[in-house]
Amino acid sequence: MFNILTIFIIIPLLMMLGLWLSRNVRQVRGVMVAGSSLLLAMSIFLVFDYIGLRKAGETAQMLYTSSISWYEPLDICLSFGVDGISVAMLLLSSIIVFTGTFASWRLQPMTKEYFLWYTLLSSGVYGFFISTDLFTMFMFYEVALIPMYLLIGVWGSGKKEYSAMKLTLMLMGGSALILIGILGAYYGAGATTMNVVELAELEIPVKMQNIFFPLLFVGFGILGALFPFHTWSPDGHASAPTAVSMLHAGVLMKLGGYGCFRIAMYLMPEGLQMWDEVFLVLTTISVVYGAFSAVVQTDLKYINAYSSVSHCGLVLFALLMMTRTSCTGGILQMLSHGLMTALFFALIGMIYGRTHTRDIRQMSGLMKVMPCLAVCYVIAGLANLGLPGFSGFIAEMTIFVGSFENVDVFHRVCTVIATCSIVITAVYILRTVGKFLYGEVNNPEYLKLTDATWDEKTAVFILIACVAALGLAPFWMSDLISHSVTPLLSNIIIR
Amino acid sequence: MESLTQFIQMRQEVALIAAFLLMFVTDLFIPERHKKMLHPIACALLFVQTIIAIKPYEASLFGGMYNSTEITSIIKAVLSFGTLVIFLQSTKWLDRPDASHKTGEFYILALSTLIGMYFMISSGHFLLFFLGLELATVPMACLVAFDKYKGHSAEAGAKFILYSLFSSGIFLYGISLLYGATGSLYFDDIAGKLHGCELQTLSMVFVFSGMAFKLSLVPFHLWTADTYQGAPTAVSGMLSVISKGAAAFALMTVLFKVFAHMSDLWIQMLSIVIVITITIGNLFAMRQNNMKRFMAFSSISQAGYIMLALLGNTQQGTASLIYYIVVYIAANLAVFGVINSIEQQTHGMVNRTDYRGLYKTNPKLTMIMTLALFSLAGIPPFAGFFSKFMVFSAAFSGGHYLVVFLALINTVISLYYYLLVVKAMFIDENEAPIPYFKSCRSMRLSLVICLAGVVALGLTSGVYQLLFNLS
């Protein structure tokens, strides 16, 4: 039985084969462009097809499902299926893989190996989003983690070895927690199925939920930059090459939020009830702390990495608020942050490639030398601080409105505190932009620099278009998402 | 007449003994200039032996002294196949002028240890078990000291033989206590008479400790690092996978079959030993620069992971244990193969720092090493991930959450030191990396086999499924 979703794994595998066989940079680029545009086309098609099916009255929680038994003694199946959330995430991944290819167009040396690992990483991401089997999900999750080590270690900059090791080990620590959580869910529910949807209908003893929920949540939370486990993120993102930062901050960190929602919270609602206030406090701290840390940074990538901590914290914050609006907002924030942060990292990579510094104190007046990149940076900044018309506004608005629907004092106080992050975001964005884009050119060397090339423009314009599209016509996405949030939430909310 | 048919029923052992004798005779009569022919002959003999007995069979002979079940014949075939891979990896080493005159000896000794392991695995009586253990150990000591002109090979041999004797003594003492407590040495008889009094507990601890030496579980691991470092690399590989695999299986048989009634006791003991073994192995591995020593500590911690399978129920535990051993053989032999071929090529470079920049000059070798290390660390989609998952899940099903948790945290530590090797090969700069070279044909064949195992054993669920159904 052929499942249309498996194309999302088959294409990356074919791309890897093609890359392995290709002999020069031209062929490598050809394979990458062909493969990633095919993936993009597929995911756009999937969005339309999915909406079409829903309109036609499909009510099943997961569509395009299929399941093949794999390790029968442990009920492990290769089972695939998507709902609105995963469809949205697939679209996000495809956009970022596509633009990431253009953002690393001129990467040297060992271009072939770089794209091989990059494609392996993306295959892990796709596999994670289309799987509905706990084991298969976990397997793809780890497939997405390990190439990071080499991608950062070999092609990175700065203190790359340290960052690569730190990132890999922290994320692997997270996945160790996830593995034990998965075993807990499987054996707790009586060892009959690994399928997420089927598991959710079974009872896991409350005692086990109370032990394994925090393990699962923290495990995924590490990837979602949950305070105090976020420390890999600034170092890792700062050292990674451009496209890897894009993919990692844009998509991989979303795996964390997605896993928290789909696995931890969905399967263990009673455990969630016991622990939600603890984690809510932690996410609130992430949101505010990340923003404050971004204010004092001087390295562009560090600013953006801490901003990611803050925004990804907001994703988990929204999910823990557990209202339909806030969860929809949380998923929208995943999309929005994924696009925006990819845009940021792409631009920072391009600027760094020209000025060879990312320190905002050493740069000034870049608007005059590279107007295109600079204007795009300003747009990205405005989107990030939540200007209406861009995706950031929609997502944050939905989150905070949804969070405020909780009537108790605790949730409201958390919401109020988290809302402050919007102001702080404005501070660091405007300060950065003012400092290094405007003013006089302080370094005569900079006058020789050129503006964006065609491949860079392709990457940046596509991302800006997506950010604007999500901001101007959000109902498309929010309908798609909120439909699928409802069945998940009905399982999560038990009070 | 009847006993003759009984002998023929032990077809794996008989085939192996025949191979051993043929090898012996060939070695005696082969002319000096044809010595090189010994390699293909040995490989062919072992290959034929593996094939002859590939079909699982059941037999119980000599009043239950010798038991062959389907699962034992599978583990024996696996061990034979692993030894075959080691034979393939040792040709270049044996062709060196100082070793070539005793090529035949290597094969004879290796085959005779294998015979010992076979009997140990199949025994249903402690006396046969002990004989098998000794037969596996003594030739192994000769193998460890094979490069006897090298100081540390001889030292390693001495250490190995002393520790082995000591552990055999402890094991023998345990058996004698057990005989005193139950009046029998047959596994089946003993199992019924155990109820956990002090004497029986003591004997169980002694038997366990004796086996733990062979498996290099902490605190019985002290011989491991020096022995692995000093022994010829092919022999280190054999020690780390073949004897460890056989010992793990034999220990499992003893614990599951003989001490089944005392499982509460040994599970407690084993859980503590496992956690300490994994942790100590990992912590020491981090500091090693010599790759062989590094692999010694890595294999100590791997032994701990293998033992995790025993914490589960019998069926899942047996299947996971054998599956882990199979995967471990593939991955570890790939690593030892790469170490060996680099060592032979460069005349003795075995340090991690020597491997810096290896990817630029020898990309294929580096990739094999990397994938094998990823498999050892348990990174998907390589087989090690699946085998680790199986043992964790076996231990988890027994309700040992904390042990599984601690073992899982340890996988992160192990990832760190495996990545150090990857880092040396891929990332570190080196002005004069080991220049490009082509390994000999049999080495390449062995590496391809191992690599195929590392990639395919996990993604195809057939092997685990088969083991699960048979156990």
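A note on names: the letters A, B, ... follow the listed sequences, proteins ahead of strands, and every chain is numbered from 1. Since this is a predicted model, take the numbers as computed values, not measurements.
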Check your understanding: Which answer fits B:M367, side chain, backbone, both or neither, if we ask what part of it has an atom under 4.5 Å from a heavy atom of chain A?
Key -> side chain

Check your understanding: For B:Y464 and A:P73, which heavy atoms make the closest approach, and how far apart are they?
Key -> CE2-CG, 3.9 Å

Review point. Relative to chain B, which of A:M172, A:M110, A:E142 shows the most heavy atom pairs under 4.5 Å?
Key: A:E142

Check your understanding: Quick one: what part of A:I211 sits under 4.5 Å from any heavy atom of chain B, side chain, backbone, both or neither?
Key -> neither

**Study point:** Residue, of B:L415, B:V404, B:L419, that accumulates the most heavy atom pairs under 4.5 Å with chain A
**Key:** B:L419

Review point. Are the side chain of A:W70 and the backbone of B:L459 linked by a donor-acceptor contact shorter than 3.5 Å?
Key: yes

Check your understanding: Among A:W155, A:F135, A:Y186, which has the most heavy-atom pairs under 4.5 Å with chain B?
Key -> A:F135

**Study point:** Distance-only polar pair, side chains of B:N282 and B:Y416, donor-acceptor under 3.5 Å
**Key:** no

Check your understanding: With only heavy atoms counted, which part of A:M170 is less than 4.5 Å from chain B, the side chain, the backbone, both or neither?
Key -> neither

Check your understanding: Quick one: what part of B:N469 sits under 4.5 Å from any heavy atom of chain A, side chain, backbone, both or neither?
Key -> neither

Review point. What is the distance from atom CG of A:L150 to atom CD1 of B:I427, rounded to the nearest 0.5 Å?
Key: 6.0 Å

Exercise for review: Answer with side chain, backbone, both or neither: which region of A:L183 has an atom nearer than 4.5 Å to a non-hydrogen atom of chain B?
Suggested key: both

Check your understanding: Just checking, is any N or O donor in the side chain of B:T411 or B:Y305 under 3.5 Å from an acceptor N or O on the other one?
Key -> no

Revision key, fill the gap. Whatever's closer than 4.5 Å to a heavy atom in chain A on B:L420 counts as both

Check your understanding: If you measure only the distance, is there a donor-acceptor pair under 3.5 Å linking the side chains of B:T366 and B:Y355?
Key -> no

Point to revise | chain A contact via B:F392 - side chain, backbone, both or neither, heavy atoms under 4.5 Å | key: both

Review point. Out of A:L169, A:V154, A:V143, which one racks up the most heavy-atom pairs below 4.5 Å with chain B?
Key: A:L169

Review point. With a 4.5 angstrom heavy-atom cut-off, which part of B:Y401 approaches chain A: side chain, backbone, both or neither?
Key: both

Exercise for review: Kindly say whether the aromatic ring centers of A:F229 and A:F220 come within a distance under 6.0 Å.
Suggested key: no

Review point. Checking A:L145 against chain B: side chain, backbone, both or neither under 4.5 Å from a heavy atom?
Key: neither

Review point. Who among B:F386, B:F374, B:F382 has the most heavy-atom pairs with chain A under 4.5 Å?
Key: B:F386

Practice item. Under 4.5 Å heavy-atom distance to chain A, tell me which part of B:F426 shows up: side chain, backbone, both or neither. Key: both

Check your understanding: Hey, are A:T136 and A:S131 close enough side-chain-wise for a donor-acceptor pair under 3.5 Å?
Key -> no

Check your understanding: Side chain, backbone, both or neither: which part of B:Q316 has a non-hydrogen atom closer than 4.5 Å to chain A?
Key -> side chain

Check your understanding: Relative to chain B, which segment of A:M165 carries a heavy atom at a distance below 4.5 Å: side chain, backbone, both, or neither?
Key -> side chain

Practice item. Please name the residue in the list A:F8, A:Y141, A:F80 that meets the ring pair (Phe, Tyr, Trp, His ring centres under 6.0 Å) test with A:Y126. Key: A:F8

**Study point:** Side-chain donor-acceptor pair present, B:N410, B:T279, cut-off under 3.5 Å
**Key:** yes

**Study point:** Toward chain B, the part of A:I146 with a non-hydrogen atom under 4.5 Å
**Key:** side chain

Practice item. Could you look at A:L120 and say if it's the side chain, the backbone, both or neither that has a heavy atom under 4.5 Å from chain B? Key: neither

Practice item. Considering only heavy atoms and a distance below 4.5 Å, find which of A:F212, A:F138, A:F140 pairs most often with chain B. Key: A:F212

Check your understanding: Rounded to the nearest 0.5 Å, how far apart are CG of A:D133 and CD1 of A:I68?
Key -> 11.5 Å

Review point. Counting only N and O atoms by type, is there a donor-acceptor contact under 3.5 Å from the side chain of B:E70 to the main-chain atoms of B:L470?
Key: no

